[in-house]
Amino acid sequence: MYTLKRDDLLGLEGFAGKKADNLLASIQQSKQQPLARLLTALGIRGVGEVMAGDLTRYYSDLDQLSRATSDDLQLIEGVGPNTAQAIVDWFSRPANRKILDKLRSAGVWPIVSQETTSDTSKGNLAGMTFVVTGTMADFTRQGVKEYIESRGGKVIDSVSKNTSYLVLGENPGSKAEKARSLGIPILSEGALRQLAGE
DNA sequence: TCGCCTCGAGTTCA
DNA sequence: CTCGAGGCGA
């Protein structure tokens with residue numbers, strides 16, 4: 001694999017020393033993403049953001065995961081025969097093994113990340129589950145999620161009777177209706193902050 | 001068999 | 001962002 005050199009950049013217009021250094025540093029930085037993030041990007045059927053996070057709690061790098069059998073995987077909460085098989089199949093494909101080789105030789109080989117063990121025992125929202133619908137004024141969706149999770153709450157994306165609160169924004173979808181019919185308490189953005197103790 | 005939850009793809013809007 | 005499909009656990 002060809003590795004971009006600092007001198008390559010210096011030949012380009014507009015790339016004086018500092019800018020070149022910044023770019024190279026930025027590229028290096030991009031290789032330091034959490035394992036769960038890379039796992040999601042592999043495109044294994046049934047493995048999205050949440051599943052990937054769960055998997056990294058049991059397997060701390062791709063080598064370990066690639067050696068897992070279907071039975072091993074099914075011991076994990078939320079992983080059944082179907083998903084387990086999809087994972088085993090993915091790692092058995094020669095084309096995918098090549099991808100892994102390339103990642104490894106490019107230095108993209110994350111091990112388990114710092115995050116995710118967000119202990120749910122702390123924070124004002126501990127033990128509560130939230131569903132967010134509509135658009136928030138002061139938050140991006142990711143932002144609301146982080147806000148809630150950092151205070152011990154959990155964010156899921158469909159309303160059920162287990163949902164503690166529905167956080168309602170502008171232009172809500174069908175979730176608002178469902179929450180109402182289930183008698184789920186509805187929170188405005190401000191009410192959420194209040195509940196969180198702001 | 002059913003309800004809950006995640007995934008994944010389609011839509012809409014700035 | 002929404003919403004339907006389908007996997008998983010009970």
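The structure presented is a predicted model; accordingly, all values stated were derived computationally and were not measured. Convention: sequence-line order gives letters A, B, ...; per-chain numbering from 1.
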| Residues A:Arg57, A:Asp54: salt bridge by 4.0 Å N-O rule | yes
| Does a side-chain N-to-carboxylate-O contact under 4.0 Å join A:Asp63 and A:Arg104? | yes
| query | Of the candidate nucleotides C:dC8, C:dT2, B:dT6, which contains the atom at the shortest distance from the side chain of A:Met51? | reply | B:dT6
| note | Among the nucleotides C:dG7, C:dT2, C:dC3, whichever has the atom closest to the side chain of A:Ser174 is C:dC3
Integer-rounded Å distance: [N] [atom2] and [X] [atom1]:
X	N	atom1	atom2	answer
A:Glu49	B:dC7	CD	P	8 Å
A:Glu77	C:dG7	CD	P	17 Å
A:Asn82	C:dA5	CG	C1'	13 Å
A:Ile87	B:dT6	CD1	C1'	13 Å
A:Leu75	C:dC8	CG	P	14 Å
A:Leu42	B:dG8	CG	C1'	16 Å
A:Arg45	C:dG7	CZ	P	6 Å
A:Ile44	B:dT6	CD1	C1'	15 Å

| Any chance the side chains of A:Ser181 and A:Glu177 put a donor and an acceptor closer than 3.5 Å? | no
| request: Establish, from distance only, whether the side-chain atoms of A:Thr69 and A:Asp72 form a donor-acceptor pair under 3.5 Å. | output: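 The criterion, which ignores hydrogens and geometry beyond distance, is satisfied for A:Asp72 and A:Thr69.
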What does the list of N/O pairs under 3.5 Å between the protein and nucleotides 1-5 of chain B look like, with a distance for each?
{"residue": "B:dC5", "atom": "OP2", "partner": "A:Ser160", "partner atom": "OG", "Å": "2.9"}

| Shortest non-hydrogen contact from A:Leu65 to A:Leu39? |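 A:Leu65 and A:Leu39 have their closest heavy atoms at CD2-CD1, 3.6 Å.
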| Under the 6.0 Å and 45° cation-pi test, does A:Arg151 pair with A:Tyr147? | yes
